[in-house]
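These values consider heavy atoms only, across backbone and side chains, with no hydrogens, waters or symmetry-generated copies. To find a chain, count down the sequence lines: A is the first, B the second, and so on, and within it residues start at 1.
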Amino acid sequence: MRRDWANRAAMTDARINLHADFASVIDTALTALEAAGTLPAGLPRGAVTCEPPRDPSHGDLSTNAAMVLAKPAGTNPRALAALLVAELEKEPRVVSAEIAGPGFINLRLTDDAWRGELALIAQSAADYGRSQMGGGRVVNVEYVSANPTGPMHMGHCRGAVVGDALADLLAYAGHKVIKEYYVNDAGAQVDVLARSVHMRYLEALGQSIEIPEGLYPGDYLVPVGQALVEEFGDTYKEAPESDWLILFRTRAVAAMMDMIRADLATLGIRHDLFSSEAELQASGKVDAAEQYLRSHDLIYDGLLEAPKGKTLDDWEPVELPLFRSTKFGDDQDRPIKKSNGAWTYFGADLAYHFQKSQNADALVDIWGADHAGTVKRIKAAVAALTSAEGGTAKPFEVKLVQMVQLLRDGQPVKMSKRAGTFVTLSDVVDEVGKDVVRFTMLTRKPDAQMDFDFAKVVEASKDNPVFYVQYAHARICRNLKKGADEGFMPSAENLGLLGEEELALVKLAAQFPRTVEAAAVAREPHRIAFFLHDLASAFHSYYNLGNDRPEKRFIVAHDSALTAARLFLAAQIGQVVRNGLALLGVVAAEEL
RNA sequence: GCGCCCGUAGCUCAGCAGGAUAGAGCACCAGAUUCCUAAUCUGGGGGCCAUGGGUUCGAAUCCCGUCGGGCGCACCA
């Protein structure tokens, strides 16, 4: 009996997975046809795909090459398909190559090819699915960046989870990733924070206080006030604001960031880098960016146009330093400084992105949809800053995460930090757990709005799809343990005993690497979540075959060779589930 | 008025850079537990893919219009 899988496992030092491998098999076949003069040289291969057909009865792999290339090759799809089929049939792992429909070529691979993939999973283990696609390029992913004025609330949750999963996904796909958080500690809102903390400071000194309208009333500031009393006594009780504002602001921001870091930690999120807007401004980097852009005539002093679609009674045109974002497709040029001389948010943000771009090959920002209006100007700024002296602009994407509508029993929850009415992230995580929160946020694409009914999620957390996937993993672990207890160890010795139903599981698991790459390219981590659900579903189905057909169980006591092969299969499916869950930051528990 | 996002089963959502007969979960109906623990499985009903055009071998997917929903349109952050 041939043992192709073993040979392949031995010779594929590079550990090429089957899907990636066959994309190159098709490519090679086309090259051969071109070399033989059968096809014109230089056909555009960009649109050629190699993927499993939706309907598995069509075969293991399918390519559209004949349909896509027929026109440029000056022939018809089926004729081209016939040529390609003849070439592909030379590949030893191809059992059959058939032309179907308008010109699809469906490939059926030998069972040993799939057994080889199973062995590859075992060999690669935690690295099965890892890709070199990113080529080590440095990608900066900035996400969360919530204002340091209070604890994280559920409005921040989606961007936090999506950003974190995306960062991990890009890293897994071969990028060097920097996870960054931009701390907005320079605007008016942190002065409001400082004044709010001063009230709590007075309170801690025994005064009875009433938080005025416009300050943050949340009691999470109480301990900050108490800490300031412990450190400074009543020094700032009667002092004018100018004496304490900066000190209180600094202490308050630090306290808020500690709180935010703790909140993020409950979701398993840890940033590599926290960049302070205040420090950025103090370092002179904003001025430097302005000078740079001025020297390329991308910033000029001009009159700010009145906002469109809005009538402001007190609108007066003023001259401000403006960035020429219209040159890059924005609706109007944007001010980088206010009339009082302070930087606008945009002015500082522009310099911040310049700084990021100098330390990375590509930038990704995760923003809430409520900031969609500012995407054009910041993209314009990055394009200007990174290509003002020619060359192509640094790749920069803004990924918008749509709003999460928070509900409680179907009723919208109005969240306001100023009113102190918001659902905190840690409340929800405490209630339903990190895994449920992460998985819930990752089982939909980010650019559609979603409802998050707090009560419903708490109540239905046991029905959450995350448990479905985790249960599959736990089932696998339990069976491996049971097998070990009975003296059976997984082994690749007799994978030939695995038949069609078992190999169907392998075929699905084998799609993990290409799913990782596709998800990374599209910046869509949710694809991993759906893949895992599909894989878990296939596993559960297979597992239940054993209910009526004991010979289909993983452990078949009288057949140790079969049991060893089945347990090997189970172990590898578990490995893929584990790899996927790890990517999503969800625990792959061994028992539930 | 302008910009961005969305519209797929009763509900919540997938649909893999245009592919073959549009899928899953929940809910509903009917079944499977002396079993490798059923947090599971099997089967069933349920769709003008909002709508009208266009592009092509082929459109839920790309382009334009319309309708509907969301977000935004400060020198705020």
Side-chain angles (χ1 to χ4, degrees), chain A residues 46-47 49 51-55 58 62 64 67-68 70-71 76-77 100-104 106 147 149 184 186-190 277 304 306-310 312 315 318 320 330-332 334-340 342-349 368-376 400 402-403 405 443-451 453 456 460 462-465 467-468 470-472 474-475 478-479 482-483 486 511 514-515 518-519 521-522 524 526-527 529-531 533-534 536-537 539-548 550 552-557 563 566 570 591-592:
Chain A
T49 61
E51 50 191 28
R54 256 176 215 172
D55 184 345
H58 288 143
S62 177
N64 63 352
M67 290 182 290
V68 176
K71 192 177 263 185
N76 69 72
F104 288 102
N106 293 326
N147 283 338
T149 53
N184 300 133
Q189 83 281 1
V190 283
E277 181 185 1
L304 185 65
K308 291 172 179 158
K310 250 191 178 179
L312 296 179
W315 180 261
V318 279
L320 293 168
D330 199 0
D331 303 327
Q332 63 185 69
R334 305 292 177 175
I336 61 160
K337 274 185 184 171
K338 310 179 204 175
S339 48
N340 68 5
W343 296 106
T344 62
Y345 182 84
F346 172 63
D349 204 28
D370 50 343
H371 291 80
T374 62
V375 171
K376 274 185 183 171
L400 291 178
Q402 289 294 321
M403 299 286 100
Q405 155 122 310
T443 41
R444 50 258 298 159
K445 57 174 186 269
D447 44 10
Q449 295 154 235
M450 70 177 278
D451 290 346
D453 192 317
K456 230 173 178 174
K462 285 202 172 61
D463 293 330
N464 196 286
F467 293 113
Y468 185 82
Q470 287 178 317
Y471 183 50
R475 253 185 171 170
R478 187 197 306 137
N479 277 268
K482 185 176 165 63
E486 297 176 14
Q511 291 194 46
R514 63 183 290 273
T515 302
V521 168
E524 291 181 345
H526 74 274
R527 294 190 192 190
F530 281 93
F531 169 80
H533 193 271
D534 287 348
S537 173
F539 175 79
H540 286 309
S541 286
Y542 177 81
Y543 185 89
N544 274 273
L545 291 179
N547 287 343
D548 298 331
K552 275 292 165 189
R553 292 181 192 169
F554 283 95
I555 297 168
V556 183
T563 299
R566 291 255 176 91
E591 51 189 39
L592 292 186

Paired nucleotide for B/C49 [Watson-Crick or G-U wobble; both distances under 3.5 Å]: none
Ring centroids of A/His371 and B/A77 base under 5.5 Å with planes under 30°: yes
Between B/C41 and B/G3 - P atom distance, rounded Å: 47 Å
Nearest-angstrom distance, P atom, B/C5 to B/G44: 39 Å
Separation of the P atoms in B/G65 and B/C4, to the nearest angstrom: 10 Å
Closest-nucleotide 5' rank along RNA chain B - winner of A/Asn544 and A/Asn184: A/Asn544
Residue-phosphate contact under 4.0 Å: A/Arg475 side-chain N/O, B/A39 OP1/OP2: no
Carboxylate-amine/guanidinium proximity below 4.0 Å for A/Glu51 and A/Arg514: yes
Partner nucleotide, any strand, of B/G31 [Watson-Crick/G-U, under 3.5 Å]: B/C41
Whole-angstrom distance between B/C63 and B/A24, as gauged at atom P: 29 Å
Phosphate-side-chain proximity, A/Tyr471 and B/A38, N/O vs OP1/OP2 below 4.0 Å: yes
Candidate nucleotides B/C13, B/C76, B/U37, ranked by approach to the side chain of A/Tyr543 - the nearest: B/U37
Any residue meeting ring-ring contact (aromatic ring centres under 6.0 Å, His included) with A/Phe531, in chain and number order, not counting sequence neighbours: A/Phe512
Least distance between heavy atoms, A/Ser339 atom then A/Leu320 atom: N-CD2, 3.6 Å
For A/Ala348 against A/Trp343, the heavy-atom pair lying closest together: N-CB, 4.5 Å
Complement of B/C71, any strand, by Watson-Crick or G-U distances under 3.5 angstrom: B/G3
Sugar-phosphate only, base, or nothing, as touched by A/Asn479 at under 4.0 Å among non-hydrogen atoms: base
Partner set under side chain to side chain contact (heavy atoms under 4.5 Å, CB included) for A/Ala474, not counting sequence neighbours: A/Leu592
Nucleotide nearest A/Arg444 when distance is taken to its side chain, options B/A14, B/U37, B/G70: B/A14
Nearest atoms (heavy-atom pairs only) where A/Phe346 meets A/Pro335: CD2-O, 3.7 Å
Pairing partner of B/G10 (Watson-Crick or G-U wobble, both distances under 3.5 Å): B/C26
C1'-based separation of B/A50 from B/U61 [nearest Å]: 16 Å
Integer angstrom distance from the P of B/G19 to that of B/C62: 10 Å
Sugar-phosphate, base or nothing in reach of A/Ser339, heavy atoms under 4.0 Å: base
B/S/- contact track for nucleotides 15-29 of chain B, protein heavy atom under 4.0 Å: SBB-BB---S-----
Atom CD of A/Glu591: over 12 foreign heavy atoms under 6.0 Å: no
Rounded distance in Å between the P positions of B/A59 and B/C73: 40 Å
Approximate separation, where rounding is to 0.5 Å, of A/Gln189 CD and A/Asn147 CG: 4.5 Å
Nearest-Å distance once atom P is located in both B/G23 and B/G47: 14 Å
For B/A17, the Watson-Crick or wobble partner whose two distances fall under 3.5 Å: none
Distance below 4.0 Å between A/Lys337 side-chain N/O and B/C75 OP1 or OP2: no
The single option from A/Lys482, A/Arg475, A/Arg566 passing side chain to side chain contact (heavy atoms under 4.5 Å, CB included) against A/Phe554: A/Arg566
Assigned partner base of B/C62, Watson-Crick or wobble definition, under 3.5 Å: B/G54
Sugar-phosphate only, base, or nothing, as touched by A/Thr374 at under 4.0 Å among non-hydrogen atoms: base
